[in-house]
J.: 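After the structure tokens below, expect a handful of questions from me.
By convention in this document, chain letters (A, B, ...) are assigned in the order of the sequence lines, proteins followed by strands, and residues within each chain are numbered from 1.
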There are 2 protein chains.
Amino acid sequence: MATIAVENYLKHVLLLSEGGADLVPMGALASALAVVPGTATTMVKALADEGLLEHLPRQGVRLTAEGRRVALNVLRKHRLVETFLVHVLKMDWSRVHEEAEQLEHAISDEVLDRLDALLGHPQSDPHGDPIPSAHGKLSSQVYATLATCVADRPLRIVRVTEQSAEFLQFAEQNGLLPGAALRVSDRNLPAGLVTVRRATGRSLALSLVAAGKILVEPER
Amino acid sequence: MATIAVENYLKHVLLLSEGGADLVPMGALASALAVVPGTATTMVKALADEGLLEHLPRQGVRLTAEGRRVALNVLRKHRLVETFLVHVLKMDWSRVHEEAEQLEHAISDEVLDRLDALLGHPQSDPHGDPIPSAHGKLSSQVYATLATCVADRPLRIVRVTEQSAEFLQFAEQNGLLPGAALRVSDRNLPAGLVTVRRATGRSLALSLVAAGKILVEPER
DNA sequence: AGATTTATTTTGACTAATCAAAATAGACGC
DNA sequence: GCGTCTATTTTGATTAGTCAAAATAAATCT
């Protein structure tokens, strides 16, 4: 059985390789896991021996089929737990990530399935992140962000790709939740500012960095 | 923050001292935790240094006020999780214990409280075991049953929670009346059988369902 | 009381996961 | 092409929790 540390390594390799990158560099993995690089190297070699990932020295790592299976299962637990915490226990959007970080390693596959059924087999969590299916499919649609999309077109937020409580709280207070309707009214690259207008008519300025964390799709 | 191992040690000291015993002997603790006695000794000395329990060498251990607080919190998590799994996720009651064994170490106090509210502040879990209150009171109004109590300890029947004539007749014929002294000599969960030995020396087998209807308290 | 049995503690060793700091390999610039 | 910089790997130590087996203390039985 995979330990908590093993599950975390695999999960983070999966998350870091989501942006299309084939190989995840050691440095990125180490800092995602908040360990020093040497620790990541040691652990990665052990996981490679177990056949859970492939290690190309000085280049990076990628998941094997088996490692990916485990990582997807953990991610599925994480995102279903988040959904449960928000929809059933009515917890604050911004706080469920930390909680799920623990619970993802403690729930059995049976509880996972029952939770999934209870929630009506949702396909995305409260942040809009896709929930891997029971049989390991992860919908990987590529979305535009508020920083990159076409201006002055009606949009709908599909996903907020940031886990920090501060950011999520800010987003919530300003109605920047998955499902919200809005449009980009101005984009000032030199100043690094994006101005959006919500469906309610209210305007709001965001930094380019923040805007890049909010994924959108064309409305209708 | 207490580790999983620490939480387990404290929880088991609490459970083992519930039968009235002031000091929990090392051997009992070690076997409850499925570790060799030497391991328990080592760990117990560390916990004593942390002020979580008191260790009287060659005699046993007892919880300090702080240790008891932690142990009650873990037990509360365990029993509320069991209640949730049975009542909300409709899991089989025989399987929820293992599950709760993991989850009790992963849920935060906030989730705990919300779970408690969702379930309507129950005071006993599906096994009839009392759920410690949020502020550390363990109700003694709620009794264990022949299905849930510790084996091989002297018990006294306090109540038989069944109205049907057949059952009460059966109970009467076998001396299973309030006040009767007995102990559980064997419990075979897979077979769903509980064997009790009366003070008179006579043995008797009961179904788990029947045993769950007979509330008992530790003798003396 | 003296011998034996049983429970507990001690000692030494091991595993998983980690850090700090030194060594090394590649990439990059001029 | 050679030195510099940066990312990665190595090496040596540390911590939490564990086991096996020897040592010791206490209880029990003639």
J.: OP1 or OP2 of C/dA16 sitting under 4.0 Å from any side-chain N/O of A/Tyr9?
T.: no
J.: Rounded to whole angstroms, how far apart are CG on B/Leu56 and C1' on C/dA7?
T.: 15 Å
J.: Does any non-hydrogen side-chain atom of A/Ser94 lie less than 4.5 Å from one of A/Gln169?
T.: yes
J.: Atom CZ of residue position B/Arg114 - does it have more than 12 heavy atoms of other residues, nucleotides or ligands inside 6.0 Å?
T.: yes
J.: Given 3.5 Å as the limit, does a donor-acceptor pair link the side chain of A/Thr64 with the main chain of A/Gly51, or not?
T.: yes
J.: Separation of A/Met43 atom CE from C/dA17 atom P, in whole Å?
T.: 4 Å
J.: Check every nucleotide of DNA chain D for an atom under 4.0 Å from a heavy-atom of chain A, then give the first and the last such nucleotide from 5' to 3'.
T.: D/dA7 to D/dT10
J.: Crowded around A/Arg68 CZ? As in, over 12 foreign heavy atoms under 6.0 Å?
T.: no
J.: Rounded to whole Å, please give me the gap between CG in A/Leu47 and P in C/dA16.
T.: 12 Å
J.: Just so I know, are the side chains of B/Val61 and B/Leu56 near enough to count as touching, which here means a heavy-atom distance under 4.5 Å?
T.: no
J.: Would you name the heavy atoms of A/Val160 and A/Pro178 that are closest together and state the gap between them?
T.: CG2-CD, 4.3 Å
J.: Output the rounded distance in Å from CG (A/Asn8) to P (C/dT18).
T.: 9 Å
J.: Which part of the nucleic acid, if any, lies within contact of A/Gly27, taking any heavy atom under 4.0 Å across all strands shown: a base, the sugar-phosphate backbone alone, or nothing?
T.: sugar-phosphate
J.: What integer distance in Å separates A/His12:NE2 from C/dA17:P?
T.: 16 Å
J.: Would you say the side-chain atoms of A/His78 and A/Asp125 include a donor-acceptor pair closer than 3.5 Å?
T.: no
J.: Taking the six-membered ring for Trp, are A/His97 and A/His127 parallel (under 30°), tilted (30 to 60°) or perpendicular (over 60°)?
T.: perpendicular
J.: Are any protein N/O atoms closer than 3.5 Å to N/O atoms in nucleotides 24-29 of chain C? If there are, list each pair with its distance.
T.:
from   : atom 1 : to      : atom 2 : distance (Å)
C/dT24 : O2     : A/Arg58 : NH1    : 3.3

J.: Between A/Thr3 and B/Lys45, name the one whose nearest nucleotide on DNA chain C is closer to the 5' end.
T.: B/Lys45
J.: Any heavy-atom pair between the side chains of A/Glu110 and A/Asp113 that's under 4.5 Å?
T.: no
